[in-house]
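One structure, as structure tokens, below. Some questions next.
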Amino acid sequence: MKKIERVKALPQFGLLIVFQNGVEKKYNIRQLYTIYPQFKELEHNEDLFSNVKVDVGGYGVYWNDELDIAADELWENGIETDIVHTLDIKKRFASRLIAMRDMLNMTQRELSEKTGIAQGDISKIENGNANPSLETIDRLIKGMNGEIDFVIKNQS
């Protein structure tokens with residue numbers, strides 16, 4: 001699952017979404033009108049539309065209790081722009097850790113059992129809300145039968 005880093009309301013009822021892997025996509029909510037007519041309310045209330053927020057954990061965006069869109073919908077049906085954002089190192093690591101765990105069809109609980117790292121701590125790391133030590137990173141990667149390969153390069 002792709003998680004959302006940030007969202008911005010655009011003119012003509014579009015959304016600009018930046019996912020935690022740095023990919024930027026545009027999404028027009030009008031495509032939801034035939035399936036979910038309640039989204040038409042946003043056209044009549046531009047203040048509400050412009051106050052779109054990312055929900056806790058990055059699993060979707062929302063306006064109020066009745067109006068929300070899942071991250072999967074935005075990822076699958078959004079139109080990718082040519083812009084890729086550079087996210088901070090914790091978010092980049094979180095995105096790669098989630099992708100590797102998902103590729104292995106491994107839950108956080110299973111990774112916790114293999115590594116001895118608390119599931120809550122794994123969740124914090126995957127949300128970019130923790131600063132894991134190199135030892136913790138090594139344990140996580142080895143728990144997924146992976147290895148760490150460092151690339152350090154000068155940006156100038």
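Residue numbers count from 1 along this sequence. Just so you know, these numbers use all the heavy atoms, side chains as well, and skip hydrogens, waters and symmetry mates.
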Residues that Thr34 engages under side chain to side chain contact (heavy atoms under 4.5 Å, CB included), provided they are two or more places apart: none
Residue pair Leu48, Leu67: steps toward the side-chain contact (heavy atoms from CB on, under 4.5 Å) verdict: CA-CA 10 Å; Leu48 177 62; Leu67 299 172; 4.2 Å; yes
Atom CD of Gln38: over 12 foreign heavy atoms under 6.0 Å: yes
Is a side-chain donor or acceptor of Glu110 paired with a backbone partner of Thr107 at a separation under 3.5 angstrom? yes
Please list, chain by chain and in numerical order, all residues satisfying salt bridge (Lys or Arg N to Asp or Glu O under 4.0 Å) with Lys91, sequence neighbours excluded. Glu5
Taking only residues two or more places apart in sequence, or in another chain, which ones meet Phe13 in a ring-ring contact (aromatic ring centres under 6.0 Å, His included)? Phe49
With rounding to the nearest 0.5 angstrom, report the CD1 to CD1 distance, Ile122 to Ile98. 11.5 Å
Of all residues at least two apart in sequence or in a different chain, which pass the salt bridge (Lys or Arg N to Asp or Glu O under 4.0 Å) check with Lys142? Asp138
Starting from Tyr59, can I reach Tyr36 by hopping between I/L/V/M/F/W/Y residues whose side chains sit under 4.5 Å apart? no
With Arg92 via salt bridge (Lys or Arg N to Asp or Glu O under 4.0 Å) - residues at least two apart: none
Can Val84 be reached from Val7 by stepping across I, L, V, M, F, W or Y side chains whose heavy atoms are under 4.5 Å apart? no
How would you list all residue pairs meeting salt bridge (charged side-chain N to carboxylate O under 4.0 Å, His left out) that involve residues 113-132, not counting sequence neighbours? Arg101-Glu126
Can you tell me how far apart OG (Ser112) and CE (Met106) are? Round to the nearest 0.5 Å. 11.0 Å
Qualifying residues under side chain to side chain contact (heavy atoms under 4.5 Å, CB included), relative to Asn51, sequence neighbours excluded: Lys53
Enumerate donor-acceptor pairs with a distance under 3.5 Å from any side-chain N or O in residues 17-26 to protein atoms, sequence neighbours excluded.
unit_1, atom_1, unit_2, atom_2, d
Asn21, OD1, Val23, N, 3.1
Glu24, OE1, His85, NE2, 2.7
Glu24, OE2, Thr81, OG1, 2.8
Lys25, NZ, Trp75, O, 2.5

Among the clusters formed by ILVMFWY side chains lying less than 4.5 Å apart, do Phe93 and Ile148 turn up in the same one? yes
Over all atoms of both residues, closest heavy-atom pair of Pro132 and Ile125: CB-CD1, 3.9 Å
In this structure, are over 12 heavy atoms from other groups packed under 6.0 Å from Tyr33 atom OH? yes
Point-to-point distance, once rounded to the nearest 0.5 Å, from OG of Ser95 to NZ of Lys3: 10.0 Å
Sequence neighbours excluded, which residues qualify as side chain to side chain contact (heavy atoms under 4.5 Å, CB included) partners of Asp68? Tyr62
Fellow cluster residues of Leu16, listed by chain then number, with links counted only when side-chain atoms sit under 4.5 Å apart: Leu10
Side chains of Leu140 and Met100 in contact at under 4.5 Å (non-hydrogen atoms): no
For Glu43, all residues meeting salt bridge (Lys or Arg N to Asp or Glu O under 4.0 Å), sequence neighbours excluded: Arg30
Side chain to side chain contact (heavy atoms under 4.5 Å, CB included) involving Ser123 - partner list, sequence neighbours excluded: Gln108, Asn127
Does CD1 in Ile35 sit with more than 12 non-hydrogen atoms of other residues, nucleotides or ligands closer than 6.0 Å? yes
